[in-house]
Amino acid sequence: MYSSQTSEVRKREVVSHFLAEITQEAMEIDRQNTPSTGEGKQESKTIVVLLMGPPGSGKSTFCDEVIRISARPWARICQDIINNGKSGTKIQCLSSAATALKEGKSVFIDRCNINKEQRADFLKLGGPQTEKHAIVLDIPAKVCISRSVKRTEHEGKLQGGKAAAVVNQMLSKKELPKLSEGFNRITFCQDERDVKEAIGVYGSFGPLDSLPSGCFGQKMLDTKTQQGIMRFLKKVDPSGNAGSGPTVVEKSITNEIPVKRLGKGDKLDIASTSGDVDSCNIYTLAFPSISTADFQFNLERASDIIVEKVEEFVSRIGKSKIRLLLVDLSPESKILSMVKTKAVQKNVGSNKFFTFVGDITRLRSQKGLQCNVIANTTNWRLKPGGGGVNAAIFKAAGPELEIATKERAETLSPGKAVVVPLPSSSPLYTREGVTHVIHVLGPNMNPQRPDCLKGDYGKGCKILREAYSSLFEGFLSIAQGVGSEHNIERPLESGGVQEVIPTNDDLKTKRGAVYESDKNKKYKGSGGATKAWGSWAQALYNIAMHPDKHSNVVLEAQVHLLVLARADGLDSIADVRREHIPLLKTMHAVGLKWAEKLINENGSLLFRLGYHSVPSMRQLHLHVISQDFESSHLKNKKHWNSFTTPFFLDSVDVMKELEDEGKVTLKNDSKFLEMELRCHRCRSAHPNIPRLKSHISSCQAPFPAALLQNGRLVSSEVTANFCN
DNA sequence: GTTCTAGAAC
DNA sequence: GTTCTAGAAC
């Protein structure tokens with residue numbers, strides 16, 4: 001923090017020093033140009049014209065057109081090409097502009113100049129005689145994006161899907177210029193006609209002419225609101241529809257949720273342009289509108305209350321990585337569009353609140369949207385059935401939810417909520433990554449249902465508010481790790497083998513998770529026995545040596561579990577000899593049993609069983625890892641490569657080599673961990689982890705042939721059995 | 001393992 | 001300007 005501040009200060013010093021110099025030079029020029037006698041001869045004055053607008057708004061075209069028809073000497077200072085045709089820095093622009101002014105040229109500052117801060121230094125250029133103008137190309141975002149996307153030879157190399165991201169990003173920072181910043185004249189252009197007109201004005205603006213000061217062309221438009229909306233949207237509308245009008249904006253909100261995978265193939269780049277593939281780090285509550293379906297609560301009132309309660313909650317949580325998602329199955333949902341409109345009007349939620357069309361029980365599997373907690377609008381008996389969300393959630397979660405619910409509460413009063421941790425065996429947990437269901441009971445206005453309020457909206461609104469408060473409170477308590485009691489399973493009794501399932505829970509709850517890592521550079525290549533282990537690398541050893549103290553250490557995870565050997569002194573595959581074959585077989589059998597159990601629960605899972613060539617944690621452990629690699633803990637190249645390159649030794653191969661050779665010869669090669677990132681299925685290469693993750697979330701290519709042999713890949717189709 | 005951060009990449 | 005990686009410290 002300190003050092004970054006220092007460097008920022010230093011940067012400013014450099015800039016202001018530099019500015020002082022060029023300003024002085026410009027003033028000298030001005031003095032030379034200013035006639036010392038009071039003769040009436042009019043001198044030509046230089047002007048600095050700052051273009052302002054996102055990529056695709058037509059800044060360069062504007063300059064080119066004016067320069068083409070103008071009698072005045074101009075220089076176009078374009079940040080995109082200032083560095084020998086490549087993009088350069090603001091300082092280069094300032095320097096180049098100062099030089100041009102010195103030569104008596106007027107200058108166009110052709111860069112986005114999107115906010116006051118970006119413009120400030122350019123307004124210091126030249127002397128007091130130098131006029132400062134702004135041309136604001138306030139063109140609809142939609143137009144800018146489509147232009148940016150279409151261009152193939154743009155100087156700034158801003159092409160394709162990235163353009164949408166950049167345009168939106170920039171618009172979120174837009175601050176229209178004001179005369180008070182130091183401008184003599186500001187021209188606003190909102191469409192092509194305005195632009196043409198301005199080109200005409202500046203094109204015929206001769207060296208000796210002057211233009212009236214002030215603001216021109218600004219239409220009635222509440223830019224404050226626009227900015228608010230842009231901030232609300234923050235991220236990109238992947239469809240490129242982010243516009244400045246509220247109609248477009250509403251659509252954007254729906255699309256705005258970062259989605260890992262919308263479809264297949266052609267839409268793959270959506271994730272990368274939305275720039276939020278790490279959205280799994282945001283703790284999310286998905287909730288249906290309470291009471292507005294079967295309980296027939298008035299939509300107008302309900303939407304007011306939702307917006308009110310969300311606003312209240314969002315202001316409380318500050319910058320926490322938490323978000324709320326109002327979900328409805330129907331794209332035509334009235335409540336969704338009403339809430340959307342009101343949220344936009346009130347500018348609620350910033351990037352913390354979204355509306356979303358989808359099945360609340362399938363947000364991850366269908367929409368690629370990870371929600372940690374979902375709310376269930378239930379009935380007073382907390383029982384399945386009744387149709388709607390309640391039936392769907394109980395059905396999707398399986399009997400596990402019923403049982404877990406029963407342990408918590410038998411009934412629920414209107415306005416109240418109950419938090420139920422979902423057992424890891426629930427399909428909603430394994431398939432969707434949902435860790436908790438919060439049952440909430442809203443007020444009922446339907447005479448066919450119990451506790452009907454008979455139109456008493458005084459009471460009804462109070463209860464509905466209370467219901468949302470209870471719901472959000474429950475969510476917050478989970479998010480903060482308070483009251484999150486996780487179900488604990490007993491480890492299987494299996495001879496000298498202890499199992500640990502590390503969690504891939506996004507939250508740091510109080511349960512202590514043990515994660516497997518790949519390696520600790522210092523120990524690279526060293527054998528197992530003499531290795532010095534860091535304290536965290538000891539964790540598995542401690543569990544294996546003292547299982548009594550850790551008898552209930554089974555940490556939940558959807559996709560990755562470890563089978564530990566209890567033998568002391570056996571830290572890695574390098575230590576393993578022929579006599580350990582029975583142990584390895586047992587470990588394999590245990591791993592396989594778990595894999596099959598998990599596959600039974602979720603037929604789409606595929607597993608590989610194997611060892612790391614050089615483990616990062618001591619105590620021999622077998623990885624049983626599902627091949628979806630959907631985990632927020634998979635963060636870097638080493639993680640990925642440790643499971644998808646020959647660094648990962650399939651258990652079946654290890655056992656075979658032990659039988660044939662008596663030991664396992666390690667290639668002992670760290671190069672595997674440094675290899676480029678390749679999809680484990682189709683082997684395509686990807687530049688970084690987020691892009692890779694985005695790809696693997698939808699890649700359905702068959703696995704490489706080698707994996708399909710000898711039972712290396714365990715799936716619902718393959719019933720590999722290497723033990724017994 | 002996590003967190004922090006500089007600087008590279010975009 | 002933002003995103004991403006990788007190295008260092010813990």
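To find a chain, count down the sequence lines: A is the first, B the second, and so on, and within it residues start at 1.
The side chain of A:His639 has B:dG1 as its nearest neighbour among B:dT2, C:dC4, B:dG1. Side chain of A:Lys637, nearest nucleotide from C:dA6, C:dT5, B:dG1: C:dA6.
When atom types are taken as modelled, the side chain of A:Lys693 and the backbone of A:Leu634 share a donor-acceptor pair closer than 3.5 angstrom. A donor-acceptor pair under 3.5 Å links the side-chain atoms of A:Thr435 to the main chain of A:Asn372, judged by distance alone.
As rounded to whole Å, 12 Å separates atom C1' of B:dG1 from atom NZ of A:Lys638. Rounded to an integer number of Å, the gap from CG of A:Asn636 to P of B:dT3 is 13 Å. Distance A:Asn688 CG to B:dG7 P: 21 Å, rounded to the nearest Å. Whole-Å rounding puts the A:Leu677 CG to C:dA6 P distance at 8 Å. The nearest whole Å value for the distance from the CZ atom in A:Arg111 to the P atom in C:dG1 is 8 Å. Going from atom CE of A:Met617 over to atom C1' of B:dG1 covers 7 Å, rounded to whole Å. With rounding to whole Å, A:Lys693 atom NZ is found 10 Å from C:dT5 atom P. Between the CD atom of A:Gln619 and the C1' atom of B:dG1 there is a distance of 18 Å, rounded to whole Å.
The pair A:Lys637-A:Glu676 fails the salt-bridge criterion, with no side-chain N (NZ, NE, NH1 or NH2) lying under 4.0 Å from an Asp/Glu carboxylate O.
Ring centroid separation for the pair A:Phe643 and A:His560 comes in under the 6.0 Å cut-off.
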